[in-house]
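Below is one structure; the comments refer to it alone.
Positions are given from 1 along the sequence. When a ligand or atom number is given, it counts from 1 through the structure's own listing order. If you're wondering where the values come from, they're calculated on a predicted model, not measured in any experiment.
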Amino acid sequence: MIKDQLQEIRNRIKEAALRVGRDEEEVTLIAVSKTYSVEAIEEAMIEGCRDFGENQVQELIGKIDAIPKDVNWHLIGHLQTNKVKYIIGKTALIHSVDSLKLAEEIEKQSAKKNQITSILVEVNVAEEASKYGFKCEEVVEVMKKLNTMSHIKVEGLMTVAPFVEDAEENRPIFRKLYELSVDIQKQKLDNISNTILSMGMSNDYEIAIEEGATMIRLGTAIFGNRDYGKKN
Ligand SMILES: *Cc1c(COP(=O)(O)O)cnc(C)c1O
């Protein structure tokens, strides 16, 4: 089943990319494995997945220990500053840097471990009260500050778009994040590579790809519906 879902998703990624003259290779599929079992992750690995996303530190660390293989782990959920020390050196990318305080803690803990930690800056493009992230108009100033932190490497931007019935409704959100990344590029900040746009989830990833996503984060589309009752 995971196999069939992945095949279908990869076809759709390819078609969405083709529609706007992009190459499917530009889009990294992150399998969001939060709440799913180690067995499900292993099944996805057999089908070629090497990038997995988790939104909780404890679950992430548990899975890293259970799956001692060549896997890129992405932290995609809100990160509390007091938990930063547990994950430095373990993630390929932290997608959810949503405050300067958090960035400073990542800088501090990374310096301690002599690491450079790759991050994305989370932007609350839709300005939903329930969501984390900077406002669009704050991001350029934030980038200038992050540019001075030598143990952080800013690789780009991330957003969690609203849940909508019709994925088309999120097109302006994705377009706005893309435009913001162009604005940041113009600043020519030397520590900011800004090539990644992490946007698009199970219900709207094709639209996100059409609008420039380079990372999409899919959970239910790959693994089926989540059972939150099973854990904790
Ligand atoms: C859970 C989650 C996803 C995946 O959501 P699906 O709708 O299952 O694809 C993507 N991004 C973030 C930040 C998440 O927390």
message = Looking at R12 and E8, is any side-chain nitrogen of the basic one under 4.0 Å from a carboxylate oxygen of the acidic one?
response = yes
query = Of the listed options (T159, T220, I76), which comes nearest to atom 7 (O) of ligand 1 when hydrogens are ignored and any heavy atom counts?
reply = T220
ask   = Considering only heavy atoms, which of R217, M201, K34, R226 lies nearest to atom 14 (C) of ligand 1?
value = K34
task = Could you list the atoms of ligand 1 found under 4.0 angstrom from a heavy atom of G219?
result = 4 (C), 6 (P), 8 (O), 9 (O)
remark   = A student checking ligand 1 against L218 at a 4.0 Å heavy-atom cut-off should list atoms 9 (O)
Ligand-residue contact atoms, ligand 1 with V160, heavy atoms, under 4.0 Å = 13 (C)
query = Should the ring pair W73 and F52 be called parallel, tilted or perpendicular, given that the plane angle runs from 0 to 90° and is split at 30 and 60?
reply = tilted
Pairs under 3.5 angstrom only: tabulate donor-acceptor contacts from the side chains of residues 150-163 to other protein residues two or more places apart or in another chain.
from	atom 1	to	atom 2	distance (Å)
H151	ND1	E107	OE2	3.0
E155	OE1	S193	OG	3.4
E155	OE2	S118	OG	2.7
T159	OG1	V123	O	2.6

request  = Enumerate the atoms of ligand 1 whose separation from the nearest heavy atom of S202 is less than 4.0 angstrom.
outcome  = 6 (P), 7 (O), 8 (O), 9 (O)
inquiry  = Measuring from atom CD1 of I30 to atom CZ of R217, what distance do you get when rounded to the nearest 0.5 angstrom?
reply    = 7.5 Å
message = For H95, state whether at least one heavy atom is located under 4.0 Å from any atom of ligand 1.
response = no
Contacts under 3.5 angstrom, residues 82-90 side chains, donor-acceptor by atom type, not counting sequence neighbours:
from	atom 1	to	atom 2	distance (Å)
K83	NZ	Q80	OE1	3.3
K85	NZ	N82	O	3.0

